[in-house]
Amino acid sequence: MMPALNKKLLYVVFTGWCVTAAVVAVAVGVHHRNRQARLEQPIHFSHNIHVVKAGLACAHCHTTADKSPRAGVPALSVCMECHNKVKTDSPEIKILTEHWNKKEPVEWNKIHEVPWHVRFTHKRHIAAGVDCAVCHGEVKTMTQVHQVRSLEMGWCVQCHRQNNAPTDCWTCHK
Amino acid sequence: MNRRDFLRTLGLTSAGALLAGCERPSKLISKIVPTDDNVLPGEALLVRTTCTECPAACGMIAKVRDGHPVKLEGNPDHPFNRGALCARGQASLSRLYLPNRLRTPLMKAADGKFVPVEWETAIARINAELTGNRKHLFLSSRTSGALAEIVDRFCDKRSVERLPEYELYSHSATRKANEIVFGRPVVPAYNVKDADLLISVGADLVETFLNPVQFAQDLVANEHLRWIHLEPHFSLTGNFADERWTIRPGSEAYLLAFLAGELNVTAEQAERETGVKVAGLVAALKKAKAPLLIVGGVSNDLLSAVLAALIQAKYNMPIDLANGLDFRRVGSLNDLARSEAKLAGAGVLFVYNADPTAYRPSFVAAMGKASFRVGLGDTLTETMQACDIVLPLSHSLESWDEQETAGVRGVVQPAIKPLHGTRSAGDILLALAGETRSYQQYLDARWGEETKRLVETGFTLIDKETRPPVVQTAAVEKFLATAALKPVAKERVMVVVPSLRTFDGRSDVLPVLSEIPDTLAAISFGEFVMVAPDLGANDNDVVRIEAAGLRLELPARVQPALPAGVMVVQQPFLRGTAVPVTDIGEVQTVLPVQSVSVTQKKGNLPILSGSMNAAGRGIQPEHDHEHPPSPNDGLRRAGAHEKGHAAATLYKPHEHKPYRWAMAIDLDRCTGCAACVAACYVENNIALVGPDEHAAGREMSWIRLEPFTREDGKLDLIPMMCQQCDAAPCEAVCPVYATYHNPEGLNAQVYNRCVGTRYCANNCPYKVRRFNWIDHPLENPQQLMLNPDVSKRPKGVMEKCTFCVQRITTAKDKAKDAGRLVRDGEIVPACAQTCPAQAIVFGNILDKGSKVYAQSQDKRAYRALEELGTQPAVYYLKAK
């Protein structure tokens with residue numbers, strides 16, 4: 001073994017390792033930043049205040065959850081029912097009011113997502129008696145909504161098996 | 001670069017690539033106020049409007065999801081099409097999302113290139129040009145109702161001469177004939193519903209003639225009809241009719257003269273000139289209580305049309321002169337020639353929604369003689385390219401309008417806000433006429449109290465009273481005095497026909513229509529000439545033809561049913577040539593061929609039919625009119641057990657509770673129009689793969705029309721899709737269980753699980769499985785056309801017909817809400833929904849009261865390739 005070759009090889013491998021590590025670190029960092037970004041909403045809406053303190057039920061705002069495949073977010077007019085008078089000095093409410101005045105929709109970051117090839121319907125689950133908290137966790141105590149369940153297929157199928165729900169592939173795969 | 005720089009660059013680019021791959025979170029966008037249309041998220045808003053892809057103006061419903069239309073279906077209440085929609089209507093949705101649509105007004109700069117300009121700039125320039133004392137001209141395609149009025153107002157206000165409207169198929173002969181015979185220059189409406197004898201000459205009733213959807217529906221509904229179709233060539237209509245008689249090209253007038261008792265044509269002379277057994281027709285006419293004669297299509301000479309009108313009057317046929325298609329402002333091709341001559345020294349020429357250059361290349365040069373040219377259109381056709389200003393038009397799905405024709409006022413209402421910076425023609429012309437109100441306001445005022453009903457139902461009836469037509473004997477005698485029967489061509493002819501898929505070529509910008517094969521030829525992409533076997537050419541041999549001044553070189557497709565010496569070319573294949581015109585100003589449909597030779601060259605036509613010979617495989621049982629079907633001849637009814645032929649099986653029979661979905665297709669009703677194929681493409685986000693993939697046999701259609709030649713030369717057509725077999729050969733061989741038998745009898749394909757071994761497609765005897773060999777990226781904004789209920793399959797995944805499982809799921813969901821099972825008729829797959837002849841029936845075969853069960857027990861019922869033991873769920877009813 002020639003000492004020069006050994007040193008060259010080492011140099012190459014070491015640089016390659018450093019580059020890879022750097023790339024991975026950057027990637028992981030970006031991924032985390034994106035995850036954090038997902039949690040950041042344009043308005044810091046706290047379910048805790050609205051549900052635990054103010055006593056609103058899930059269905060007050062998420063009106064279509066039991067009627068349609070999508071639960072959706074409430075229209076701005078629902079927020080403004082109270083917030084045209086309540087806490088109008090709060091900076092968050094000021095952002096909301098600005099959206100309302102400019103007739104600009106609020107673009108919330110979607111926390112709970114299923115892949116493109118999955119057909120999920122809220123209506124059927126609520127009709128089957130599944131409580132919101134089963135899949136979404138104790139949202140009422142959250143100041144910032146985050147995902148608590150894995151929402152992976154295995155998790156869905158387990159509950160379906162336990163509760164005699166259909167496990168035919170085409171029930172969910174579209 | 002040195003090693004250090006290389007590694008640095010490598011690291012940065014990898015990081016960049018990884019960064020790009022990271023997903024940004026998707027958004028939940030809140031509304032401002034809840035919508036008041038009672039449409040829940042995930043449900044479709046139904047907008048009732050009218051199809052504008054051809055002059056038939058069928059009523060249709062646009063299904064709007066998330067603010068953009070994703071599917072078109074016929075309006076079930078509309079009197080023309082009653083819920084059905086033809087292939088072009090289904091495909092017309094893609095016109096809205098064409099990537100090459102004009103998006104902004106364009107103005108030609110000094111260097112001859114178009115630059116985008118603001119609307120104000122364009123309108124100001126047009127207004128400036130509209131001064132001066134030159135004659136300004138306005139040329140458009142067919143208009144009706146309010147828009148026709150708006151054009152008149154604009155032309156009056158700005159001193160513009162309105163030229164006769166341009167339509168390639170102008171029905172000029174029929175209109176002139178009705179003017180001579182009945183004093184009314186109109187296209188009639190024909191009532192085939194109540195006829196007991198229909199004699200059609202040349203008119204392609206179930207392809208493009210007038211309203212082919214309406215004809216198909218009325219023809220299958222009429223059970224006491226004997227339909228004799230006479231044609232010089234071979235068409236889908238001739239294939240579908242009860243009897244198809246060949247008539248020598250250009251000889252129709254002899255037959256009609258004999259039947260009308262005019263021009264001293266004897267039976268013997270008529271028979272000699274036409275080759276038709278006239279005695280048979282005479283006998284049929286004598287016996288019939290409600291005969292009907294329709295002459296048109298390729299038989300478009302004036303003398304034939306006049307004689308036809310005389311025969312119609314003679315037998316008191318139900319010809320409705322008040323409620324036909326509104327063509328009153330449409331001129332003939334002679335009018336187009338006169339319009340072209342007027343361009344010399346003209347001021348501003350407006351061309352609205354018309355492409356006269358396509359079949360009259362000299363028009364472009366003539367356009368140069370006008371002082372200024374303004375085009376209004378949606379794509380840059382050759383005519384538009386010759387303009388100085390091009391104004392982009394909104395699609396009918398983005399606009400308000402009306403279609404007033406054939407006794408119905410059909411509303412055109414928007415299903416989406418304009419995607420681009422386009423405007424509707426009504427708005428543009430009102431603005432140019434100096435009015436401040438919008439076209440929508442104009443229509444509101446015009447409709448008055450009817451507005452609410454129009455918007456809710458999509459149409460109102462404006463039936464005009466139908467007086468029985470009165471023959472103007474003086475005018476008829478004057479005409480017949482100078483009429484002369486032309487000698488019949490004895491040499492080879494080339495018949496020019498409209499295209500089933502693109503009509504006069506106007507729909508060839510719609511990509512999905514090129515993916516669907518022409519049914520008779522089974523060819524999707526490419527231009528071809530259909531030839532009779534006597535030419536001695538083989539499929540794909542390039543044939544050189546000289547006919548009526550045209551020089552063509554086209555690959556051949558041999559069609560055994562074509563009479564000797566006859567070739568057929570579709571009109572759009574002649575685009576760019578000066579189309580020969582008859583003396584009345586119609587397209588010359590029968591062209592004498594000066595020379596034809598089969599060259600050594602080979603074309604590259606994607607002929608998708610495979611073998612045209614059914615070879616006794618039982619895909620369609622043999623037609624044997626003398627021997628009625630017996631249990632031993634291959635026709636097996638559902639549930640019947642063959643003695644000693646019980647299929648042994650290793651597997652337990654499937655248990656289906658409570659549904660077993662099945663389909664029944666009546667082959668006697670199928671016209672071969674391919675509307676089902678188009679509907680399936682749109683409903684299921686099927687990829688458009690292009691001509692190269694088609695040449696490799698990789699078309700993606702989930703349902704296809706398979707043609708097989710019969711002994712008499714006609715074609716047996718069988719719509720073939722996944723048969724959802726009980727004992728599916730494909731299920732057993734999937735290594736990853738991506739395809740399996742679901743509890744309701746469907747063969748389920750899970751796209752996410754498929755790894756692409758293609759063993760399933762190998763095993764399928766029906767060859768209905770389609771593999772995504774390549775990725776098919778969509779060009780913006782085509783992704784808006786995707787049906788959100790169906791995934792778009794990526795490369796490497798197998799797909800096939802699912803019996804529209806997304807519709808099944810929706811119906812089951814609704815039924816579960818109501819606490820019951822799905823009822824018969826609640827689930828209609830896309831193919832069944834759009835079929836004009838209602839040939840496809842779908843339902844739960846376990847429900848003994850369902851339509852599909854009843855059809856499966858019909859004595860004509862059989863299943864394809866049944867002897868293989870696949871136990872398909874699709875029952876075909878053999879053609880009578």
Side-chain angles (χ1 to χ4, degrees), chain A residues 11-12 15-16 18-20 22-28 30-31 33-35 37-40 63-64 67-80 99-100 103-111 113 115-119 121-124 127 153 166-171 173-174, chain B residues 3-4 7-8 10-35 39-43 737-744 746-753 787-794 797 802 805-806 808-810 812-813 816-817:
Chain A
Y11 179 59
V12 168
T15 320
C18 279
V19 166
T20 315
V23 164
V24 169
V26 167
V28 170
V30 168
H31 178 74
R33 195 208 65 190
N34 276 359
R35 272 212 121 173
R38 277 177 70 158
L39 293 182
E40 274 295 307
T63 48
T64 55
K67 297 188 201 63
S68 111
R70 303 219 283 257
V73 286
L76 289 185
S77 60
V78 175
C79 313
M80 296 310 288
H99 276 269
W100 168 253
K103 295 289 175 273
E104 247 177 38
V106 176
E107 296 194 3
W108 305 97
N109 287 321
K110 199 168 183 198
I111 304 298
E113 273 223 81
W116 55 270
H117 55 266
V118 172
R119 191 190 74 87
T121 157
H122 272 96
K123 171 167 76 155
R124 277 273 77 79
M153 179 175 162
T167 48
D168 176 40
C169 305
W170 261 355
T171 311
H173 280 264
K174 59 173 176 177
Chain B
R3 185 180 30 203
R4 202 164 286 185
L7 285 172
R8 196 179 297 143
L10 192 69
L12 281 169
T13 47
S14 319
L18 275 167
L19 278 169
C22 284
E23 283 175 29
R24 258 153 275 118
S26 57
K27 302 284 186 187
L28 276 175
I29 302 183
S30 67
K31 296 196 169 46
I32 311 296
V33 285
T35 49
V39 174
L40 295 166
E43 280 183 9
Y737 202 65
T739 184
Y740 68 99
H741 195 83
N742 96 348
E744 292 173 356
L746 299 174
N747 176 273
Q749 177 77 29
V750 183
Y751 306 126
N752 197 40
R753 209 172 161 94
N787 182 351
D789 289 336
V790 181
S791 21
K792 187 168 179 318
R793 284 75 56 190
V797 163
T802 61
V805 65
Q806 64 276 9
I808 296 175
T809 309
T810 312
K812 278 168 58 186
D813 187 54
K816 194 152 187 188
D817 284 343

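All values derive from a computational prediction rather than experimental measurement. A, B, ... follow the sequence lines: proteins, then strands. Residue 1 opens every chain. Below, each value reflects all heavy atoms present in this structure, side chains not excepted, and no hydrogens, waters or symmetry copies.
The CG atom of N752(B) sits 3.5 Å away from atom NE2 of H117(A), with the distance rounded to the nearest 0.5 Å. Between S68(A) atom OG and D813(B) atom CG the span is 10.0 Å, to the nearest 0.5 Å. Going from atom CG of N787(B) over to atom NZ of K174(A) covers 8.5 Å, rounded to the nearest 0.5 Å. Rounding to the nearest 0.5 Å gives a distance of 6.5 Å between OG1 of T64(A) and CG of L40(B).
Counting heavy-atom pairs closer than 4.5 Å to chain B, the top residue among E104(A), K123(A), K103(A), H99(A) is K123(A). Ranked by non-hydrogen atom pairs under 4.5 Å with chain B, the options A22(A), P69(A), A75(A) are led by A75(A). In terms of heavy-atom pairs under 4.5 Å with chain A, the best-connected choice from Q806(B), Q749(B), R793(B), E744(B) is Q749(B).
For K812(B), no part lies near chain A; criterion is any non-hydrogen pair under 4.5 Å. In this structure, the portion of V805(B) lying under 4.5 Å from any heavy atom of chain A is its side chain and not its backbone. For D789(B), the part lying under 4.5 angstrom from a heavy atom of chain A is the backbone only.
The two atoms that bring S791(B) and W116(A) nearest to each other are CB-CZ3, 3.4 Å, heavy atoms only.
For W170(A) (side chain) and N747(B) (main-chain N/O), no donor-acceptor pair under 3.5 Å exists by modelled atom type.
At a threshold of 4.5 Å between non-hydrogen side-chain atoms, the residues D817(B) and R124(A) count as touching.
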